[in-house]
Amino acid sequence: MSTTSTFADLGVRPETVAALSEIGITHAFAIQEYALPIAQRGADLIGQAPTGTGKTFGFGLPLVDRVVSPEEGGHGAPQALVVVPTRELGLQVAKDLAAAGKLRGVRVLPIYGGVAYEPQIDALKKGVEILVATPGRLLDLIKQKHLKLNSVFAIVLDEADRMLDLGFLEDVEKILSMLPEQRQTMLFSATMPDAIVALSRRFLHSPITVHAGHSEEPGVSPQTKQFVYRTHSLNKLEMLARILQAKDRGLTMVFSRTKRNCDRVTEDLDFRGFAAAAVHGDLNQGARERALRAFRAGKIDVLVATDVAARGIDIAAVTHVINFDCPEDPETYVHRIGRTGRAGATGVAVTFVDWEDMPRWRIIDKTLEIGEPEPRETYHTSEWLYSDLDIPADAAATLPSAQRSRVGLAAEKEEDLGGGRRGQRPVRGRSRRSATGTRDAAPVDAPVADGEPADHEPRQRRRRRNGEVVKGDATQILFSDPSGPSVPDPVAAATGAADGQAKARRRRRSPRKPGSAATTTD
DNA sequence: AAAAAAC
């Protein structure tokens with residue numbers, strides 16, 4: 001990973017070396033060692049290196065070192081531009097570059113949508129050396145004449161393959177067309193499909209390509225252990241809850257394929273007592289940034305996200321990445337699991353593959369050759385998790401205290417439910433279903449209500465033999481869609497509790513609303 | 001075919 005080169009060896013300015021040292025960075029990563037000399041002399045560059053191996057400073061230090069700061073007589077018009085695919089990544093990159101340029105007073109401004117115009121416009125008026133921008137707001141501000149790009153000598157497309165795919169290409173080309181002809185263009189990413197490289201020739205001049213890291217699985221960090229589990233969609237939430245009880249788990253990112261599923265997973269985890277928050281594009285920008293800040297600070301330890309957080313986000317304490325839904329393509333897989341195992345750290349990546357995910361997984365596996373998903377049909381077959389993922393056998397004993405009490409409460413209802421629900425098959429319900437879900441997080445030895453007479457055959461084998469989810473199984477309640485059509489509360493129905501009582505019970509059990517952890521933390 | 005990105 002890191003080489004023995006110091007930044008001074010690589011010709012980085014002394015002030016920048018000192019500033020890096022202040023934030024604990026003393027030695028260069030491979031991509032930095034290779035890219036810096038090329039970038040410093042102004043050549044066009046394609047830089048590819050695995051996730052978490054220092055690409056940001058690989059392009060960032062040559063920008064910081066070459067801009068003229070105000071105290072050096074700079075004019076204050078932007079001299080360098082970094083374009084990124086998401087707002088939070090822009091914020092992060094801007095902070096990194098500002099830290100590196102701090103001792104020379106280099107001003108780095110993040111430009112992105114979803115927030116007020118005024119602070120950005122004011123900052124532009126005062127003058128700025130480096131812009132880090134998402135395309136939409138940048139073009140917006142240019143159109144409104146708050147900004148010109150004619151002093152920009154270098155542009156970087158961070159997550160370049162993403163910036164050049166169909167969703168962004170038009171905007172990026174527009175931005176490129178506003179830059180001086182004589183300028184440096186640099187493309188950086190962990191993934192660079194051939195088609196993108198071919199496309200990029202249109203606006204690169206004699207580019208030099210730099211690869212760092214191993215070549216077999218481009219972009220994947222080898223210290224991340226990857227697991228792939230074939231599962232039923234109805235069991236994903238329970239499997240997730242168990243994995244989140246792994247002994248060695250630090251911060252964990254959970255990725256879903258849709259914004260709606262992201263909310264649903266967050267809500268379920270919140271109810272189970274995990275400190276989780278959601279990040280996706282339908283949330284307002286304040287909520288997005290609060291959630292990410294709380295996660296960075298460790299005030300919450302589970303971040304549930306769409307692919308808005310799949311790329312670039314750098315949080316050293318992330319130990320686990322769970323692909324709750326299979327990623328859309330191999331590149332997304334690489335970037336998602338790249339949120340862990342960064343800068344030489346180890347990581348764990350678990351991908352759930354249900355029936356719907358299967359076609360997507362086929363394509364990912366064809367490219368990356370990770371392996372056939374191992375069948376993990378039900379949450380009752382728990383031993384696999386203990387052996388693979390270091391999860392305590394009495395997993396429920398390690399639950400947060402709020403969760404423990406809920407498990408106790410729910411366990412009381414268990415016999416009632418088993419007796420009263422014989423033969424029924426609740427298919428869909430509203431969010432209150434997760435009230436029963438907490439019970440399913442009880443110790444695996446606990447009696448499980450399934451509406452069938454108790455026998456001594458292991459539950460797992462009964463289920464296997466049946467070849468489908470057991471009818472009337474509590475699992476069905478747990479995993480039913482919280483936003484689906486309303487049906488009577490099965491707990492209330494089974495116990496004869498009035499609806500009002502059920503509501504009061506829910507309030508006691510779940511004093512915290514989804515996302516409030518993030519709201520109150522900063 | 002989902003998500004992201006300006007208002």
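Naming: A, B, ... by sequence-line order, numbering from 1 per chain.
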>> When you compare the side chains of A:Asp65 and A:Thr16, does any donor N or O come within less than 3.5 Å of an acceptor on the partner?
In response: yes
> Starting at CG of A:Asp307 and ending at P of B:dA1, how long is that distance when rounded to a whole Å?
Replying inline: 17 Å
>> Rounded to whole Å, how long is the line connecting atom CG of A:Asp329 with atom C1' of B:dA4?
In response: 13 Å
Identify which nucleotide among [options] has an atom closest to any side-chain atom of [X], counting heavy atoms from C-beta outward.
X	options	value
A:Glu328	B:dA4, B:dA6, B:dA1	B:dA1
A:Tyr117	B:dA6, B:dA2, B:dA5	B:dA6
A:Thr134	B:dA2, B:dA4, B:dA6	B:dA6

>> Given the ring of A:Phe227, does A:Lys225 sit roughly above its face, with NZ or CZ under 6.0 Å from the centre of the six-membered ring and within 45° of the axis?
In response: yes
> Would A:Phe188 and A:Ile31 count as a side chain to side chain contact (heavy atoms under 4.5 Å, CB included) if you check the C-alpha gap in whole Å, the side-chain angles of each, and the deciding distance to 0.1 Å?
Replying inline: CA-CA 10 Å; A:Phe188 275 78; A:Ile31 185 65; 4.2 Å; yes
> Do you know which two heavy atoms are closest between A:Gly338 and A:Thr51, and how far apart they sit?
Replying inline: CA-OG1, 3.2 Å
> Which part of the nucleic acid does A:Arg360 contact within heavy-atom distance under 4.0 Å: base, sugar-phosphate only, or nothing?
Replying inline: nothing
> At under 4.0 Å between heavy atoms, what does A:Lys143 touch on the DNA or RNA strands: base, sugar-phosphate, or nothing?
Replying inline: nothing
> Quick one: the side chain of A:Arg162 and the base of B:dA4, do they pair up donor-acceptor inside 3.5 Å?
Replying inline: yes
> Closer than 4.0 Å, any side-chain N/O of A:Arg288 to the OP1 or OP2 of B:dA4?
Replying inline: no
